[in-house]
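Have a look at the structure below, then the notes.
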2 protein chains.
Amino acid sequence: MDKHSYTIAEVAKMLKVSPSTVSRAINNAPGVSDSVREKILNFVDEIGYRPNTIAQSLSRGKSNMVALILGDIRNPFYADLAFGIQKNLDTHGYIVTTFNSEYDYRKEIEFIQFAKQYHYCGIILVTVNSKEADKYINKLELPILLVNRITEHYNGSFVVTDNFQAGYIAARHLINLGHKKISFMSGHHKSSTASYQRFLGYRQALKNYCLSYNEQYCLFDLNWKMETGYEAAKKIFSLSPSPDFPSAFLLSNDLLALGFMDYCEEHGIRIPDDVSLVSFDNIVYSGLHRIQLTTVSQHVEKISSEASKVMIDLLEEPSKEPRKIIIEPTLIERNTTRAYKNAES
Amino acid sequence: MDKHSYTIAEVAKMLKVSPSTVSRAINNAPGVSDSVREKILNFVDEIGYRPNTIAQSLSRGKSNMVALILGDIRNPFYADLAFGIQKNLDTHGYIVTTFNSEYDYRKEIEFIQFAKQYHYCGIILVTVNSKEADKYINKLELPILLVNRITEHYNGSFVVTDNFQAGYIAARHLINLGHKKISFMSGHHKSSTASYQRFLGYRQALKNYCLSYNEQYCLFDLNWKMETGYEAAKKIFSLSPSPDFPSAFLLSNDLLALGFMDYCEEHGIRIPDDVSLVSFDNIVYSGLHRIQLTTVSQHVEKISSEASKVMIDLLEEPSKEPRKIIIEPTLIERNTTRAYKNAES
DNA sequence: TTGAAAGCGCTAACAC
DNA sequence: GTGTTAGCGCTTTCAA
């Protein structure tokens, strides 16, 4: 029953040494004889002394907390990311706090300032990528790492998926299946480079295969959520019928796709019989036997391990060149796509 | 472009007042004339000064960080819980750090000690509930709140679901459907009160309706994960056929159920035609049109709002009586259960 | 109402 | 190899 926490001064006094010696011993710093070090370590262990991290941080002028700012931890993609990063950084003695910006750039900026005020030692940011954030990021004196999305004027370290390629292979898959009319349902198009790059990849594929792009059936301001995917489907399928109506859809992420599917199922639109679907992320629920969503994997475990490594580098060797890591996506073919069948055939 | 963060001393000097006056002003403490206060506040705002929270914490002897220790953020139930708690506490000026114990009591204890060393001001704990943790929890001098599960000798504040009731209504639903042989697939039975209470409720229902309990088809050490549910199904369905084989299963949580379903689907066991399934949590994916899992909702948004309220109480009025909050679960009837049909009929 | 000064628990020069 | 001492940036008595 430790009634109160000891201070380093108390420990020093009990051991009849100076606080600095204790400090050196517990921090594995040089300048203590082995015998004294051992004595101190044993004693400290015995009485259960642990240095006050707050005091350490203040004295050292830096903490060991890193902030992870992302859209929404309830998105399984981010939950995986956060889990991985947290676990990796944990083993290196860092502690990470996760902040949900809810895809709102004002919250994001608030959290960035917050991290600064709290003297976090670094920031891992999945930005919503507004012009505003851009300004804040560049005038930040904290080590920062952008994950998944980069801003326009950023030239620091990042770890991202090759989203252009992701969009390209998703579209190509559909094209190879014979689809001619393919629509894109995008997350905040203007603000998210991730979504925008995927869109560009899709456009490129269309172009390369001489297919036309029909903006009428595309949506560009979706909010990455299941409900939004549901609403998107409602909107699209309530459009008056036309020969131009798409036979396949690209959805910006799996959550949107799941919502989209839900609407379809409820309204007798069969997948993949009536329309084909491809999305991005490969969250675990997409692989469920009853779901079988064809999707482009971003390899989240790879992203989180790379991001952890880069962050640790940034923290421990600040002088190093910025690291720019791009990860190749992979198409996971499952069951929401099938060969295009002409109505007349 | 603020090159460096100002200190309170610098601000004071610029304003030709003392640091204490600045401190009082920015903390809304009494003892400053309105005119001076206003002047300080305006200036501080203008130059973008923010007090160093680390220094504040050290000086005050307490921080405003609360630790949330839970099993695994990748479980959507916990993601929802964490999201809600974080959002609520955020608006009260607290910052919450989430730790994943991975259902390992040693990690849990490590995190508890950690929170102490870092001078967190409070802990919200979803314990794995080992005897070990029990000891640590009770000799803790930090405000602590147990969520979802309580330990044997705990007599502090908690917010939990009525898990006995949850188990009872789940089983009763199946019984009303005519099922006679109902099996229970449990999370760590011995260590989790949540799971154990659900099991007890189930046993009680069996008893009340004069049904027999057959341990042979129950499993008690599952690990709350999808893969584990999959393995559980494999294990059960590889048992040699018998007239006692259950026609319905209760699964400790939705993730287990999803994995269980996956195995069944893959092996031609139809749900609900061949076997009925009920589980607990009502994560969002259970409601998907293609899934339609019948489950018992714990009302996670209610849990998180109550937990937040109680934690804030604990922090701000430490003298108050412990709060003990029990939330009633609700059965969500969907599509993984159906009336029992005798093979001969 | 305001300011001076001590101190929170630790680290890191600097001296011995 | 070890100890002394001066901060880190803030809050909070206490005195004015």
Side-chain angles (χ1 to χ4, degrees), chain A residues 2-41 43-44 47-65 93 114 116-121 141, chain B residues 2 4-41 43-44 47-65 93 114-121 141:
Chain A
D2 37 13
K3 59 206 90 184
H4 99 301
S5 309
Y6 296 101
T7 70
I8 201 171
E10 290 170 335
V11 174
K13 192 165 290 171
M14 298 197 234
L15 249 25
K16 301 195 198 314
V17 295
S18 76
S20 12
T21 303
V22 177
S23 171
R24 284 188 272 255
I26 59 179
N27 289 303
N28 282 314
V32 200
S33 67
D34 287 353
S35 63
V36 175
R37 182 187 302 272
E38 196 182 349
K39 189 178 72 180
I40 293 175
L41 257 24
F43 183 70
V44 146
I47 66 170
Y49 165 78
R50 304 267 210 123
N52 177 334
T53 325
I54 304 261
Q56 284 184 316
S57 299
L58 182 60
S59 180
R60 290 179 177 151
K62 68 192 292 290
S63 77
N64 63 340
M65 305 187 301
F114 193 91
K116 197 173 131 192
Q117 175 180 6
Y118 275 68
H119 288 247
Y120 275 74
C121 61
E141 60 269 35
Chain B
D2 37 12
H4 100 303
S5 307
Y6 296 100
T7 70
I8 201 171
E10 291 169 335
V11 174
K13 192 165 291 171
M14 300 196 237
L15 249 26
K16 300 192 199 313
V17 296
S18 76
S20 8
T21 303
V22 177
S23 172
R24 284 188 273 255
I26 60 177
N27 289 304
N28 282 316
V32 200
S33 66
D34 287 352
S35 62
V36 175
R37 183 187 301 274
E38 195 182 348
K39 189 179 70 179
I40 293 175
L41 257 23
F43 183 71
V44 147
I47 67 169
Y49 166 77
R50 304 268 210 122
N52 176 333
T53 326
I54 305 260
Q56 284 184 316
S57 298
L58 182 61
S59 181
R60 290 178 176 152
K62 68 191 292 288
S63 76
N64 62 341
M65 306 187 299
F114 193 91
K116 200 174 128 191
Q117 175 181 5
Y118 275 69
H119 288 248
Y120 275 74
C121 62
E141 60 269 35

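It should be emphasised that the depicted structure is a prediction, and the values quoted were computed from it without experimental measurement.
The phosphate of C:dT11 has OP1 or OP2 within less than 4.0 Å of a side-chain N or O from A:Ser23. Contact annotation: B:Tyr49 reaches the phosphate of D:dC10 (side-chain N/O to OP1 or OP2, under 4.0 Å). A close approach under 4.0 Å does not occur between any side-chain nitrogen or oxygen of A:Thr7 and OP1 or OP2 of C:dG9.
Put simply, the side chain of A:Ser63 never gets that close to the backbone of A:Ser57: no donor and acceptor are under 3.5 Å apart. Within the 3.5 Å criterion, the main-chain N or O of A:Gly31 finds no donor-acceptor partner in the side chain of A:Arg37.
Between C:dT11, C:dG9, D:dT11, one nucleotide has an atom nearer to the side chain of B:Arg60 than all others, and that is D:dT11. Distances from the side chain of B:Ser59 to the nucleotides C:dG7, C:dA5, C:dA12 place C:dG7 closest. When distances run from any side-chain atom of B:Asn52 to the nucleotides D:dG9, C:dT2, C:dC10, the shortest one goes to D:dG9. The listed nucleotides are D:dC10, C:dT1, D:dG3; the one nearest the side chain of A:Arg24 is D:dG3. Listed nucleotides C:dT1, C:dG3, D:dT12 differ in distance to B:Ser33; the shortest reach to its side chain belongs to C:dT1. Distance from the side chain of A:Ala55 is smallest for C:dC10 among the nucleotides D:dC8, C:dA4, C:dC10. The side chain of A:Thr21 has D:dT2 as its nearest neighbour among C:dG9, C:dT11, D:dT2. For A:Ile8, the listed nucleotide lying nearest its side chain is C:dT11; candidates were D:dT2, C:dT11, C:dA12.
Between B:His119 and B:Asp34, the residue whose closest nucleotide on DNA chain C is further toward the 5' end is B:Asp34.
The separation between A:Lys16 atom NZ and D:dT4 atom P is 14 Å, rounded to whole Å. Per the geometry, CG belonging to B:Leu58 stands 18 Å off P belonging to C:dA6, to the nearest Å. A straight line from CG of B:Asn27 to P of D:dG9 spans 17 Å, rounded to a whole angstrom. As rounded to whole Å, 14 Å separates atom P of D:dG9 from atom CD1 of B:Ile26. Between B:Lys13 atom NZ and C:dA4 atom C1' there is a gap of 14 Å when expressed in whole angstrom units. When rounded to the nearest whole Å, the span between OH of A:Tyr118 and P of D:dC8 equals 22 Å. In this structure, B:Tyr6 atom OH and D:dC10 atom C1' are separated by 18 Å, rounded to whole Å. Following rounding to the nearest Å, A:Lys62 (NZ) and C:dA12 (C1') show an atom-to-atom distance of 15 Å.
Residues B:Ile47 and B:Val11 meet the side-chain proximity criterion, which asks for heavy atoms closer than 4.5 Å.
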request  = Apply side chain to side chain contact (heavy atoms under 4.5 Å, CB included) to B:Thr7 and B:Asn52, showing your working.
outcome  = CA-CA 8 Å; B:Thr7 70; B:Asn52 176 333; over 6 Å; no
Verdict with reasoning, B:Met65 to A:Met65, per side chain to side chain contact (heavy atoms under 4.5 Å, CB included) = CA-CA 12 Å; B:Met65 306 187 299; A:Met65 305 187 301; 4.0 Å; yes
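A tilted orientation is assigned to the rings of A:Tyr120 and A:Tyr118, their planes being inclined by 30° to 60°.
Contact annotation for B:Gly31: base contact, defined as any heavy-atom pair under 4.0 Å involving a base atom.
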